[in-house]
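First comes the structure, then the notes that go with it.
Note that this is a predicted model, so its numbers are computed, not measured. First the proteins, then the strands, lettered A, B, ... as listed; each starts at 1.
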Amino acid sequence: MITKQNVYLCVMKFAKQVLDFVRLELKLEFRLKYAIAGLLMYVLSTVYLVYFSLEYQGVREDLLPTIWSILFWLIVLFTTVNATFQSFSKLTQGKMLFYYTLLSPQVFITSKLIVNAMISLFLSLLTGLIFIFILGNPSQQAWVFLLSLCIGTVGYSLLFTYISAIASKSGGNTSLAVVLGFPLALPLLSIIVKLFSESFKPEISVNFDNNLWIALGFNFIPLLLALILFPYIWRD
Amino acid sequence: MASFLKQYWWKIIGISFLLFAIVGGLWVPLYHGAEGLSFPNLPILNESIRNLLYHVPMWFAMVFLLLLSFIYSLSYLGKPDRYKDTYAAGFAQIGVLFGTLGIFTGMIWAKSTWGAFWTNDPKLNGAAIGMLIYIAYLILRSSIDDEIKRGKLAASYNIFAFVMYIAFIFVIPRLTDSLHPGNGGNPAFSSYDLDNALRIFFYPATLGWIAISLWISSIWIRYNSLEQQLDDHDE
């Protein structure tokens, strides 16, 4: 029977399961240090490559803020693809079977979305910090910078979590996830770069709120679609 | 659907509409002061206004086919069946074909009116992204051998991509100005579509191109399912 209390109990049970699974995933992530260390190395070496090529061309000193943000978002995009794809590709057949008997698909995908968002956020904040450290800080409004960074990164990780689930189920590699995901990531990218560049000006423009809602919408759509569609591809 | 695709009447209507639109679209003169049936003679557009009967209906046909593909994917996830997967794939493939035709006719038009084959226009970018999405869909299909798995994953990607794409083409033109009619100070589409002479040919052209696209898809889908049956027979 559907009563208020039953719904409440169901939601609480769901939230508890998700929390437990998120905790387990994070614990595993930090126990298997090679995964997160690999991602850190990926970020560090890419940023160093950017730094080196800019320095070598002699353009690091007077780098345009727009170039700064484009380089930054490209690195975040590739890091997010790698991080989310890894979270599926390291699941072995046996482990999948184990989860399959234990969890509902909604719990599984919700926890994956949360864990991937956390890891991607951590990595992109780190990328931002290193960027500010070596390429200078072009932003004049810190809150716009941080807000758009968070929304953009979370949006990417939500999108690529589902795309990675498809790509890893099909037995492909990261490049398949890139092929499948990048056309879909372009809309969010174009809006986020717009939002992000607002932080380079002393004041936000009138369109800021509008663009912010659109960016949040592009976070919400992949989230909803992933929750609806994942149960169909969950079983092998 | 299958029985509808086998019928003749809509193919005959489609062909005759298309012939009417192509012959009429080339035959009717531009307005030159005289009485009688004529297309509006607009600056910049000039004779290229006739491309309205090719470029725009081709996009309509593409959107129509992609919508059909989306519907078959939805129904595949609801109740998996092999023919639905074949239909979804076939419609998407011919949709990509019509999208490419739409891009090429648009590029010729853009060269003569805007002066370049490709401009940084939100609608052009939207079209390019749409093509990339559906080519990615076809790559995903070709990368999976197992039939049931392919059906499931391709259907779920198709639904995911279609919803994202629709959201995108509704949102992006609102962010920046477009060179297309009705945006950024350009005359709206209806201001020259309202011209009755053009309208007489535009609506049949739209229906005709959609019918042709459906016909091509039905032949392609039949070819594909026959090939599948042959494969099964060999095994």
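Within a 6.0 Å sphere centred on OH of Tyr99(A), heavy atoms belonging to other residues, nucleotides or ligands number more than 12. Counting non-hydrogen atoms of neighbouring residues, nucleotides and ligands closer than 6.0 angstrom, the CE atom of Met118(A) reaches no more than 12 such neighbours. More than 12 heavy-atom neighbours from other residues, nucleotides or ligands sit within 6.0 angstrom of NZ on Lys90(A). In Leu74(A), the CG atom is crowded: over 12 heavy atoms of neighbouring residues, nucleotides or ligands sit closer than 6.0 Å. Residue Asp231(B) qualifies as enclosed at atom CG: its count of foreign heavy atoms under 6.0 Å is above 12. Around atom CH2 of Trp118(B), more than 12 heavy atoms belonging to other residues, nucleotides or ligands sit under 6.0 Å away. Other residues, nucleotides and ligands contribute over 12 non-hydrogen atoms within 6.0 Å of the CZ atom of Phe14(A). Heavy atoms from other residues, nucleotides or ligands lying under 6.0 Å from CZ of Arg150(B) number more than 12.
Atom CD1 of Ile166(A) is separated from atom NZ of Lys152(B) by 12.0 Å, given to the nearest 0.5 angstrom. To the nearest 0.5 Å, atoms OG (Ser170(A)) and CG (Asp146(B)) are separated by 11.5 Å.
Top candidate by heavy-atom pairs under 4.5 Å with chain B, chosen from Pro222(A), Pro183(A), Ala165(A), is Pro183(A). Of the listed residues Ile135(B), Ile129(B), Leu132(B), Leu153(B), the one with more heavy-atom pairs under 4.5 angstrom with chain A than any other is Leu153(B).
Proximity to chain B (any heavy atom under 4.5 Å) is shown, for Leu159(A), by both the backbone and the side chain. In this structure, no portion of Phe230(A) lies under 4.5 Å from any heavy atom of chain B. For chain B, the nearby parts of Leu180(A) are the backbone and the side chain; heavy atoms of each come within less than 4.5 Å. Using a 4.5 Å cut-off between heavy atoms, Lys149(B) contacts chain A through its side chain alone, with no backbone atom that close.
In this structure the side chain of Leu184(A) never reaches within 4.5 angstrom of the side chain of Phe168(B), judged on heavy atoms. Taking 4.5 Å as the limit, some side-chain heavy atom of Leu77(B) sits within range of a side-chain heavy atom of Leu229(A). Side-chain contact check for Tyr165(B) versus Pro187(A): every heavy-atom pair is 4.5 Å or farther apart.
Contact detail for Phe160(B) and Ala226(A): the closest heavy-atom pair is CE1-N, 4.3 Å.
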